[in-house]
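Structure record follows, encoded as structure tokens.
Reminder, nothing fancy here: chain letters follow the sequence lines and each chain counts from 1.
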2 protein chains.
Amino acid sequence: MKNLNHSNTQTIVKGELLSSPGKIAKNGYFVKTGCLKSYIIDSEGKEHIIQFAPEHWMIGDLNSFTFDVPSEIYVEAIEDSEITLISKSEYQNLDLLEKEEVIEMSNKYRNNLIASNKRVISLLSSTAEQRYIDFTETYPTLVQRLRLKLIASYIGVTPEYLSEIRRKLVKK
Amino acid sequence: MKNLNHSNTQTIVKGELLSSPGKIAKNGYFVKTGCLKSYIIDSEGKEHIIQFAPEHWMIGDLNSFTFDVPSEIYVEAIEDSEITLISKSEYQNLDLLEKEEVIEMSNKYRNNLIASNKRVISLLSSTAEQRYIDFTETYPTLVQRLRLKLIASYIGVTPEYLSEIRRKLVKK
DNA sequence: GAAAAAAATTAAGGTAGTTTAAGAAATGAG
DNA sequence: CTCATTTCTTAAACTACCTTAATTTTTTTC
């Protein structure tokens, strides 16, 4: 992460809300320790998790951050965490960055895109049980750290049904 | 697209397969005219569309292209099209590119990521009917050009059920 | 422009996942 | 440690969406 630390480190506690809908996102967040989540609340009041960001991940509303439109998502700490801010002025205009830094950003976008595409495929083609198994294999450490409720929201099922899935898998 | 046309323009006909699972992707594709689709076939033989690429979009298996792992997807023309190849040697090593070109790539990844994230949210939080309405509003020109079957596969329902959704919407 | 092939429609029956609700277990606060 | 709160589990009734299959419509091909 050479050169990406122009901004200060901040300490935040579990439950702290860094970003919420309606505002234009002024920052992205880079997680040094702990874990954040981004999520939306749908028209029926249900929470859907867009992304988890444990150590070394970036999180934020890229759409709002990039195009100066009001954000639609929440960003919240799910553990006590240390983060650094990624300020808009720096990253919106890539021209201002060194070529190396642009490459670094580009690689982060690309890897994030690859992960997002895989998730789309998984949502389109796998059952909830398979998505849960995939999650446990892809993010074994997160499975330990996260509440079932959060994992359920991420893979797109109710906590009740995930509970049932787990019971079935234990029996096997 | 200044400077991105190092490669030749190719003309392909509807139905032509540019890429298939198992091979390591040697190229990405930039669409000048026409339309391509990328898709997977799941373990039950069902097709799931990952992306449509009409004029000015890029398409390909970024994961395979980037990390030299065997591809898992098909890329196929759904209209007669003109495309240019995006060769791996150029884009895998961003170092070799001019800063401007890196910025251009970064922006394409970023915009693609924003679109992919929106799709994840939509799959998690919206009903099939709402996803169809969103699709018609987001891609009005594609709705005209694409067969119902393809749209159904993209939004994640069977053609039969999309047909039913349409009937309901016409009645309203 | 006629025959063949592919796509779309309709409907009945089925299933994966949701809803609701209530009790048990784990976590958090003082 | 203890009470309050949140999370997890279980189960029964329900619904969004799927499957199958037959018919109609559209598109492709020669």
message: The test is side chain to side chain donor-acceptor pair (under 3.5 Å); show your working for Q51(B) and S38(B) and say whether it passes.
response: CA-CA 5 Å; Q51(B) 194 200 330; S38(B) 62; 4.5 Å; no
- request: Taking the six-membered ring of Y154(A) (Phe, Tyr or Trp), confirm whether the NZ or CZ of R119(A) is under 6.0 Å from its centre and within 45° of its axis.
  value: yes
query: Is the backbone N or O of T127(A) less than 3.5 Å from a side-chain atom of Q130(A), with the two atoms forming a donor-acceptor pair by type?
result: no
For atom [atom1] of [X] and atom [atom2] of [N], their distance in whole Å:
X	N	atom1	atom2	result
L146(B)	dT27(D)	CG	C1'	16 Å
E129(A)	dA16(C)	CD	P	10 Å
E44(B)	dT19(D)	CD	C1'	11 Å
L123(A)	dG17(C)	CG	P	12 Å
K14(A)	dT5(D)	NZ	C1'	12 Å
Y132(B)	dA16(D)	OH	C1'	18 Å
L162(B)	dC18(D)	CG	P	10 Å
K168(A)	dT15(C)	NZ	P	13 Å

- line: Heavy-atom nearest pair, K37(A) first then L150(A), reads NZ-CD2, 3.8 Å
Counting just side-chain N and O atoms, does [X] come under 4.0 Å of either OP1 or OP2 of [N]?
X	N	value
S163(A)	dC8(D)	no
R147(B)	dT27(D)	yes
R167(A)	dT10(D)	yes
T158(B)	dC17(D)	no
K46(B)	dC18(D)	no

query: For G15(A), which contact category applies under a 4.0 Å heavy-atom criterion: base, sugar-phosphate, or nothing?
result: nothing
task: Quick one: label E160(A) by what it contacts on the DNA or RNA (base, sugar-phosphate, nothing), any heavy atom closer than 4.0 Å.
output: base
- request: Please round to 10 degrees the angle between the axis of the first five pairs and the axis of the last five pairs in the helix from dG1(C)-dC30(D) to dG30(C)-dC1(D).
  value: 80°
Electrostatic pair R145(A)-E79(A), nearest N-O below 4.0 angstrom: yes
- line: Taking for K149(B) and for E164(B) the nucleotide of DNA chain C with the nearest heavy atom, the one nearer the 5' end belongs to K149(B)
Selection from dT9(C), dA16(C), dC18(D) that lies nearest to any side-chain heavy atom of Y161(A): dA16(C)
query: From the list dG17(C), dA8(C), dG28(C), which nucleotide is the closest neighbour of the side chain of L148(B)?
result: dA8(C)
task: Examine the side chains of D42(A) and S125(B) and answer whether a donor and an acceptor come within less than 3.5 Å of each other.
output: no
- request: Just say parallel, tilted or perpendicular for the rings of Y74(B) and Y39(B), cut-offs at 30° and 60°.
  value: parallel
- prompt: Heavy atoms, side chains only, cut-off 4.5 Å: are L142(B) and P54(B) in contact?
  reply: yes
